[in-house]
Student: 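If you scroll down you'll find the structure; I have some questions about it.
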Amino acid sequence: MAQRLDQILVIDVESTCWEGKPPKGQESEIIEIGMCLLDVATLERVEKRSLIVKPERSSVSAFCTMLTTLTQKDVDQGIPLRAACDSLKQTYHSKQRAWASYGDYDRRQFERNCAARNIPYPFGPTHINVKNLFATSRALPCEVGMAEALELLGIPLEGTHHRGGDDAWNIAAILAEILRRTR
């Protein structure tokens, strides 16, 4: 399979979470996958989409709903993680495209969740850590959160923070600005 370099697939996941440790027998699972395609030639954000994923080994806590706005009812209507990963491969060519996320959390969450469920990892080898790239490009002494990066760039945060599609859209704006400055 040839690498597709026309677009970068920007991903943001939301996962089940708790204020403290997970309740006994539960684990953090992907409940939303946000996607945004970034056109490499124009640096325009092409599409924003979100897939709601039904968790198998956890439930949505009140803390998680407060953070993400997602409820148990929302995720109960979601699709299985396997179907979401298949969609990434078929619709977004995720195995052939470079993909990006804000930090390594999203990559590691996919690795853990896919391994635990015997689901083939949906991405190819090229992952861009936008959080690290932003800090390095600005010579910051440490990494900063997505909202702070947008503020430092003078880009307004669009949509709802901690919703996958909106965060992927905003991360793509950060990546576009980093790439724009290298041209």
Side-chain angles (χ1 to χ4, degrees), residues 1 4 7-38 47-132 143 145-147 158-172 175:
M1 286 184 275
R4 295 178 73 141
Q7 296 176 328
I8 298 170
L9 177 58
V10 179
I11 297 287
D12 182 76
V13 301
E14 302 303 329
S15 301
T16 51
C17 55
W18 303 267
E19 216 161 349
K21 292 184 179 186
K24 187 175 176 113
Q26 294 194 40
E27 62 187 56
S28 182
E29 295 181 89
I30 294 169
I31 55 173
E32 182 182 26
I33 304 169
M35 299 144 299
C36 178
L37 290 171
L38 178 65
E47 177 186 355
K48 174 176 73 166
R49 187 170 169 216
S50 177
L51 295 172
I52 303 298
V53 178
K54 184 176 182 172
E56 299 172 6
R57 302 174 184 179
S58 63
S59 56
V60 176
S61 68
F63 174 78
C64 188
T65 297
M66 188 255 327
L67 188 67
T68 67
T69 74
L70 291 167
T71 66
Q72 186 64 45
K73 185 177 179 183
D74 294 330
V75 301
D76 283 345
Q77 297 171 29
I79 62 174
L81 181 60
R82 182 178 298 277
C85 288
D86 288 345
S87 179
L88 288 170
K89 290 185 283 191
Q90 293 167 7
T91 306
Y92 294 95
H93 309 286
S94 60
K95 290 294 268 185
Q96 294 87 33
R97 280 202 166 103
W99 72 285
S101 64
Y102 202 79
D104 275 332
Y105 172 81
D106 305 81
R107 180 183 57 78
R108 286 193 312 268
Q109 191 69 341
F110 265 104
E111 289 171 350
R112 281 190 298 265
N113 283 199
C114 288
R117 288 152 190 80
N118 199 29
I119 297 170
Y121 186 67
F123 301 104
T126 306
H127 174 255
I128 302 166
N129 180 332
V130 178
K131 186 178 197 178
N132 184 271
E143 295 175 336
M146 182 199 74
E158 294 183 49
T160 302
H161 193 19
H162 298 298
R163 282 304 305 264
D166 292 338
D167 282 355
W169 183 258
N170 287 304
I171 294 162
L175 181 56

Student: Can you measure from CZ (R107) to CH2 (W99) and round to the nearest 0.5 angstrom?
Tutor: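 So the CZ of R107 and the CH2 of W99 are separated by 7.0 Å.
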Student: Take a 6.0 Å sphere around NZ of K54 and say whether it holds more than 12 heavy atoms from other residues, nucleotides or ligands.
Tutor: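 No - once you tally the heavy atoms of other residues, nucleotides and ligands closer than 6.0 Å, there are 12 at most.
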Student: Under a 4.5 Å cut-off applied to non-hydrogen side-chain atoms, are L9 and H93 in contact?
Tutor: no
Student: Under 3.5 Å, sequence neighbours excluded: what are the donor-acceptor pairs made by side chains of residues 60-69?
Tutor:
{"unit_1": "S61", "atom_1": "OG", "unit_2": "C17", "atom_2": "O", "d": "2.5"}
{"unit_1": "S61", "atom_1": "OG", "unit_2": "F63", "atom_2": "N", "d": "3.4"}
{"unit_1": "S61", "atom_1": "OG", "unit_2": "C64", "atom_2": "N", "d": "3.0"}
{"unit_1": "T65", "atom_1": "OG1", "unit_2": "S61", "atom_2": "O", "d": "3.3"}
{"unit_1": "T65", "atom_1": "OG1", "unit_2": "L70", "atom_2": "O", "d": "2.7"}
{"unit_1": "T68", "atom_1": "OG1", "unit_2": "C64", "atom_2": "O", "d": "2.8"}
{"unit_1": "T68", "atom_1": "OG1", "unit_2": "L70", "atom_2": "N", "d": "3.0"}
{"unit_1": "T69", "atom_1": "OG1", "unit_2": "R163", "atom_2": "NH1", "d": "3.2"}

Student: Side-chain contact, heavy-atom cut-off 4.5 Å: V53 with P80?
Tutor: no
Student: Carefully, step by step, assess C85 and Y121 under the rule side chain to side chain contact (heavy atoms under 4.5 Å, CB included).
Tutor: CA-CA 8 Å; C85 288; Y121 186 67; over 6 Å; no
Student: Looking at NE2 of H127 and CD1 of I8, how far apart are the two atoms once the value is rounded to the nearest 0.5 Å?
Tutor: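 It comes to 11.0 Å.
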Student: Are the side chains of L51 and E32 in touch, meaning some heavy atoms are under 4.5 Å apart?
Tutor: no
Student: Indicate the atoms forming the closest heavy-atom contact of M146 with Y102, along with that distance.
Tutor: N-CE2, 3.4 Å
Student: Between S87 and R49, which heavy-atom pair has the shortest distance, and what is it?
Tutor: OG-NH1, 3.9 Å
Student: Got V13 and Y105 here, is their nearest side-chain heavy-atom distance under 4.5 Å?
Tutor: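 When only atoms from C-beta onward are counted, Y105 and V13 do touch, with a gap below 4.5 Å.
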Student: Are the side chains of K48 and L37 in touch, meaning some heavy atoms are under 4.5 Å apart?
Tutor: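 No, too far: nothing below the 4.5 Å cut-off.
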Student: Using side-chain heavy atoms (C-beta onward) and a distance below 4.5 Å, is I52 in contact with I79?
Tutor: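 No, their side chains stay 4.5 Å or more apart.
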Student: For residues I33 and D12, determine if any side-chain heavy atom of one lies less than 4.5 Å from a side-chain heavy atom of the other.
Tutor: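 The answer is no; the side chains never approach within 4.5 Å.
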Student: Counting N and O atoms only, with roles assigned by atom type, does the side chain of S58 sit under 3.5 Å from a partner on the main chain of E27, one being a donor and the other an acceptor?
Tutor: yes
Student: To the closest 0.5 Å, what do you measure between CD (Q26) and NZ (K21)?
Tutor: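 Answer rounded to 0.5 Å: 15.0 Å.
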Student: Could you tell me which non-hydrogen atom of C114 sits nearest to which non-hydrogen atom of L81, and how far apart they are?
Tutor: N-CD2, 4.4 Å
Student: Just by distance, do the side chain of N170 and the backbone of E158 share a donor-acceptor pair under 3.5 Å?
Tutor: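 It does hold such a pair.
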Student: Are E47 and Y92 close enough that a side-chain donor and a side-chain acceptor fall under 3.5 Å?
Tutor: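 Distance-only check passes for E47 and Y92.
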Student: Can you list the steps and then say if F123 with L88 is a side chain to side chain contact (heavy atoms under 4.5 Å, CB included)?
Tutor: CA-CA 8 Å; F123 301 104; L88 288 170; 3.8 Å; yes
Student: Rounded to the nearest 0.5 Å, how far apart are CD of E143 and CG of N129?
Tutor: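 Rounded to the nearest 0.5 Å, the CD-CG separation comes out at 6.0 Å.
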Student: Identify the two heavy atoms, one from A168 and one from V10, that lie closest to each other, and give their separation to 0.1 Å.
Tutor: O-CG1, 3.5 Å
Student: Decide whether S15 and E29 meet the rule of one side-chain donor and one side-chain acceptor closer than 3.5 Å.
Tutor: no
Student: Identify the two heavy atoms, one from N113 and one from R117, that lie closest to each other, and give their separation to 0.1 Å.
Tutor: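 Nearest heavy atoms, N113 then R117: O-NH1, 3.0 Å.
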Student: If every non-hydrogen atom of V130 is compared with every non-hydrogen atom of A100, which pair is closest and at what distance?
Tutor: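 Smallest interatomic distance, heavy atoms only, reads CG2-CB, 3.8 Å.
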Student: Decide side chain to side chain contact (heavy atoms under 4.5 Å, CB included) for K89 and D86; before the verdict, give the C-alpha distance in whole Å, the side-chain angles of both, and the deciding distance to 0.1 Å.
Tutor: CA-CA 5 Å; K89 290 185 283 191; D86 288 345; 3.7 Å; yes
Student: Strictly by modelled atom types, are D167 and H161 linked by a side-chain donor-acceptor pair under 3.5 Å?
Tutor: yes
Student: Are the side chains of I11 and F110 in contact, using a 4.5 Å heavy-atom criterion?
Tutor: yes
Student: For the residue pair Q7 / R97, report whether a side-chain donor-acceptor contact shorter than 3.5 Å exists.
Tutor: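 Short answer, yes.
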Student: Between CG of N118 and CZ of R82, what distance do you get to the nearest 0.5 Å?
Tutor: 6.5 Å
Student: Quick one: CZ on R57 to OG on S28, what's the gap to the nearest 0.5 Å?
Tutor: 12.5 Å
